[in-house]
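Take a look at the structure below.
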Amino acid sequence: MSTHFIELCKLCEQLEKEASRNLKVNIVVDFLRKISSEEVKFAVYFITGKFPSNLLTLNVGYSTIYQIIKKLSNISDNQYLTEYNKTGDMGETAKKIFEIYPPKTQKTFFEQPSTLTEVYEIFQKIAEFTGESSRVKKQRLIESFLSKITPLEVKYFIKNLIGEMRHGFSEGLMEEAVAKAFNVELEKVRLASMVTGDLGKVCEFLKIFGKDGIEKISLTVFQPIKPMLADLAKNPAEALIRHGGKTSFEFKLDGVRIQIHKKNSNVKIFSRRLKEVTEAFPEIVEKIKHEIKADSFVVEGEIIPTTKNGKPLPFQYIMRRYGRVKNLEKTIKNIATTLYLFDLLYLDGEVLIGKPFYERRKKLEEIAPNQMLTPQLITSNPVEAEKFFEEAIKNGHEGLVAKQLESAYTPGIRGKKWLKIKKVLETLDLVILAAEYGHGYRHDWLSDYYLAAKNLEVKPIFEKDYVSFADYVEKIHNDRFKVVGKTFKGLTDEEIKTLTGKLKNLILEKHGRAVILKPKIVVEVAYSEIQKSPLYSCGYALRFARIVRIREDKTIDEIDTTEKVKEIFEKQFKTTTSNFLER
DNA sequence: CCTGATGCGTC
DNA sequence: GTCGGAC
DNA sequence: GTCCGACGACGCATCAGG
């Protein structure tokens, strides 16, 4: 017996209205129970709005869907914008538009509503189109499907294309629902989800084999596992307290997190989101083959970009290597990498994720050469810990990760057992030069802010062509300010609401959902790093910028300058890699 | 053959 | 990746 | 303590279109 997509859409509408998590879970539990084993995994994907990334890559985004909605309903940009502004949600907007302007179709009489299987097949087909004119093919397929279904189905089909459900029910609560639906302990569901990377499959397994089916799921070589995550701690001392007085500290390295699976001479490297990236790192594969003394294993670590003699380079460099298929050999010559391992999850037939961290690390030390391990310090002394932290920073790393010695490798339940401690940089005082209306629950507020520093060398760029909105904003202000980033983080909803009111009085120009402002509001901004920017005209951008507070006490004459930004950028890597960066 | 738009995945 | 809000 | 939904910069590949 198959389930209709419209039933699932109605379920999602209920989730959207219901605030209580427990009730949301119960609604989904009932749904999962009555659905067939063939379709239950589709339900899991559609409700959470996420397909396992190794399963489907749609290559359809916001922009394509916007064109489709416009074409099918024949509305103007302004009509769309007016409707979108009411909710800030693309699916809901399409639903409303199609209710008033239904797509012209040749609807067959007696057409049956689509089943979950049929809808999934559409997604599969969308993903399968590649190569020449594939974008048109994807678009046509979506258009023809959207013209056949009801506005409510359109809403959720589009939400699934984008992957933003906005009904407050995501992976975490879905795990709870699955556990409850099949009478299995939540921890077991989470564990199974972690080792398969696919909660839908876990659910299917439970449907077929019943509650004992969960015991059959365990870590397998070449089946990537979801990585254990870390919580944030302010400083090493806090980490020590939270870990009960004694803990293991490791350098926190700024690269890409990877897990490496090996069986005999076969090696595969997987990313944090379980994508295979073996091709991009042939030198790592060789190292693994020759320098680790074991036949089959799963290890976890970080690949960071380095100079030839192993000094860390800025994060941006690793991205030139990551996922690359073109000019791979040449890039390998220019950007070296260094592999650091920090965990061992499986070794020669034995699954180790249930074992305490110190034991896994000990076994890792037995099979891997010392220089391949992340530097570690086990201590109960806050002073020593602080020194170790300073050492990490001095060597050009991000900070430390603290790992409770007794902790198993688990998905994020019962408190995160790993804690990251990151270096703190001095904040910058910047002016808000433009803003954008937000999306979803923030659609009524100017919640995304363009942050700019004072530009001392005022050389207006009237003759120069601007390429980006940020460039245009600078031009409006005669280049007196330079944009160094955008942020939506740090203010409370209440502060955003108040600020929106103030900003509305400063509007110079409106551009769609963006506004250009008189320079007036000064904010103190924190960030984790200053990057080289190919986008902003001043050449620098803040990484992970967030507003610390609004500086009512400061005027725009007192904000920081682009010179200061440049100084901080240069200071960041001075100790380790300045020579490399200058060439 | 080159360039800009678009989407994906890393942090 | 980081943050605030809600349960 | 946990989960969720807001969205950032960057670098790559791919495709559309001149």
Whole angstrom value for the distance that separates P of dC4(D) from NZ of K24(A): 10 Å

Base dA6(C) paired with R21(A) side chain (donor-acceptor, <3.5 Å): yes

Euclidean distance, atom NE2 of residue H167(A) to atom P of dC7(C) [Å, nearest integer]: 16 Å

Residue-phosphate contact under 4.0 Å: K137(A) side-chain N/O, dC15(D) OP1/OP2: no

d(CZ, R442(A); P, dG8(D)) in whole Å: 11 Å

Carboxylate-amine/guanidinium contact K24(A) E18(A), below 4.0 Å: no

Closest contact, heavy atoms only, A233(A) versus L419(A): CB-CB, 4.2 Å

Whole-Å distance separating the CD atom of E132(A) from the P atom of dA16(D): 7 Å

Under-4.0 Å side-chain N/O to phosphate OP1/OP2 contact, R272(A) with dG9(B): no

Sidechain-backbone polar pair: K566(A) side chain, G539(A) backbone, donor-acceptor under 3.5 Å: no

Length of the CG-C1' vector between D254(A) and dA9(D), whole Å: 13 Å

Spacing of M319(A) atom CE relative to dA9(D) atom P, expressed in whole Å: 15 Å

Touch class at under 4.0 angstrom, heavy-atom based, for A541(A) against every strand present: sugar-phosphate

Length of the CZ-C1' vector between F544(A) and dC3(C), whole Å: 12 Å

Minimum-distance nucleotide (side-chain atoms of A19(A) versus dC7(C), dC10(D), dA13(D)): dC7(C)

Any donor-acceptor N or O pair under 3.5 Å, side chains K226(A), S193(A): yes

Short side-chain N/O contact to dG7(B) OP1/OP2 from T64(A), under 4.0 Å: yes

Gap between atoms CD and C1', on E494(A) and dG4(C) respectively (whole Å): 13 Å

